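Please read all numbers here as calculations on a predicted model, not as lab measurements.
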2 protein chains.
Amino acid sequence: MTGRRYDPDRRDRIIDACLDLVADVGVAGISHRKVAARADVPLGSMTYHFAGMDELLREAFGRFARTISDGFEQRMSEATDLEGARAAVVAIITQDLFGTQRDLVLTHELYTLAAREPAYRELTNAWMRRSRDALERHFDPVTARLLDALIEGLTIHRALDTEAPLPGSVTEAVRRITMPR
Amino acid sequence: MTGRRYDPDRRDRIIDACLDLVADVGVAGISHRKVAARADVPLGSMTYHFAGMDELLREAFGRFARTISDGFEQRMSEATDLEGARAAVVAIITQDLFGTQRDLVLTHELYTLAAREPAYRELTNAWMRRSRDALERHFDPVTARLLDALIEGLTIHRALDTEAPLPGSVTEAVRRITMPR
DNA sequence: GTTCCATGGGTACGCTCGTACACATGGCTC
DNA sequence: GAGCCATGTGTACGAGCGTACCCATGGAAC
């Protein structure tokens with residue numbers, strides 16, 4: 001019974017450590033050794049639990065995407081009327097959902113992988129499908145898609161833009177996109 | 001006069017090779033040796049022309065961002081009236097500007113770097129500023145920002161979504177965002 | 001034509017990497 | 001309680017890496 005023997009959460013801790021490390025140094029900067037050190041497991045555990053870095057990354061980003069879309073779904077499901085749904089979207093864009101720099105960085109890392117490799121695109125597709133389904137509880141399909149794209153774009157600009165956003169512009173954007181004809 | 005001696009375009013060729021390689025294998029997959037091989041220069045030329053991988057990447061992505069925003073600016077400047085400007089935006093989103101998978105991949109790689117490191121954020125900021133300036137020749141500042149974000153989001157979704165886009169949805173989005181009140 | 005030096009070219013060193021593999025441990029089955 | 005085997009642990013190896021460094025080359029300055 002020496003400390004770490006029989007450690008059922010080990011796989012999970014490795015995945016968490018991997019996400020933390022990717023957030024810190026990027027996919028470009030990770031290695032089995034660094035993840036092992038951060039998760040406080042021996043190097044051998046890496047290849048025992050995961051066939052390779054790719055398998056580990058896919059699981060890690062799968063967990064990440066699920067976490068984010070869970071939050072999205074919950075916020076949208078709390079809205080009871082059109083005005084509430086609009087407010088929820090504004091809140092998601094301006095602060096609530098991607099509250100941390102970490103989440104924004106991880107999102108971009110995932111998109112970058114998805115842009116190149118179909119295996120990761122499955123993750124982003126599932127994420128997008130869930131977002132759209134949540135939006136379609138309140139908006140027609142075309143509006144839901146456009147809102148989803150708008151959220152995407154405004155979130156990215158909020159992350160990368162150093163200039164202050166024009167006040168009220170997010171609310172205005174949601175108003176225009178969801179404006180009944 | 002042995003072949004390669006005095007090769008004034010060498011620096012440029014290295015930068016081009018770097019962009020090609022990043023498009024192929026990602027920032028995570030590059031190395032001095034691989035870039036040198038693709039540019040057909042000896043390994044020593046890498047450290048001679050660039051202080052390190054970071055300097056090379058910054059120059060490469062600087063060139064890439066400038067190329068894309070040049071195209072954006074030109075397309076927007078060709079429009080002479082509101083309808084033309086709207087059509088230009090639709091064209092930029094649906095096919096023209098990010099015509100190749102290569103450009104989309106490189107864009108995401110740049111965003112990922114920018115999300116983490118301020119040096120790269122300067123590049124994306126300059127790019128965004130130019131886009132907005134071009135849009136402000138035809139639209140008011142708030143509309144220009146929202147259009148810019150919409151372009152961003154729809155472009156990403158076009159890149160990552162495997163489901164076919166709803167027909168006419170891009171035109172509809174631009175119409176709603178630019179609709180005069 | 002001599003000198004100088006920016007540029008090109010090759011190589012060796014020390015490091016980190018992923019992976020393989022041999023051995024240890026201890027819960028579970030019987 | 002004996003044996004099995006899933007899991008944990010440590011180490012060694014070969015490959016690829018960035019970098020430093022030395023020599024070669026040949027246009028420019030004078």
In whole Å, I'd like the distance from the [atom1] atom of [X] to the [atom2] atom of [N].
X     : N      : atom1 : atom2 : result
A:L43 : D:dT7  : CG    : C1'   : 16 Å
B:M46 : C:dG9  : CE    : P     : 12 Å
B:Y48 : D:dG18 : OH    : P     : 20 Å
A:I14 : D:dT9  : CD1   : P     : 10 Å
B:H49 : C:dT7  : NE2   : P     : 7 Å
A:R11 : D:dA6  : CZ    : P     : 16 Å
A:D54 : C:dC17 : CG    : P     : 18 Å
B:E55 : D:dG18 : CD    : P     : 15 Å

field: Aromatic ring pairing A:F61/A:Y120, orientation class (parallel under 30°, perpendicular over 60°, tilted between)
entry: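 Taking A:Y120 first and then A:F61, their aromatic rings stand perpendicular (interplane angle over 60°).
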
message: Taking the basic N atoms (NZ, or NE/NH1/NH2) and the acidic carboxylate oxygens, is any pair closer than 4.0 Å for A:R58 and A:E117?
response: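 The answer is no: the pair does not qualify as a salt bridge.
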
- request: State whether B:R176 and B:E172 are salt-bridged, where the test is any N-O pair (Lys NZ or Arg NE/NH1/NH2 against Asp/Glu carboxylate O) under 4.0 Å.
  value: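 Result for this pair is yes, salt bridge flagged.
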
- request: Please report the C-alpha distance between A:R86 and A:T178 in whole Å, then the side-chain angles of each, then the deciding distance to 0.1 Å, and finally whether the side-chain hydrogen bond (donor to acceptor under 3.5 Å, both in side chains) criterion is met.
  value: CA-CA 8 Å; A:R86 283 172 165 175; A:T178 63; 2.8 Å; yes

Quick one: is [N] close enough that its OP1 or OP2 comes under 4.0 Å of any side-chain N or O from [X]?
X     : N      : answer
A:S31 : C:dC17 : yes
B:H32 : D:dC17 : no
A:R10 : D:dT9  : yes

Nearest-nucleotide pick for A:P42, side chain only, options being D:dC17, C:dG9, D:dG10: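 The listed nucleotide nearest to A:P42's side chain is D:dG10.
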
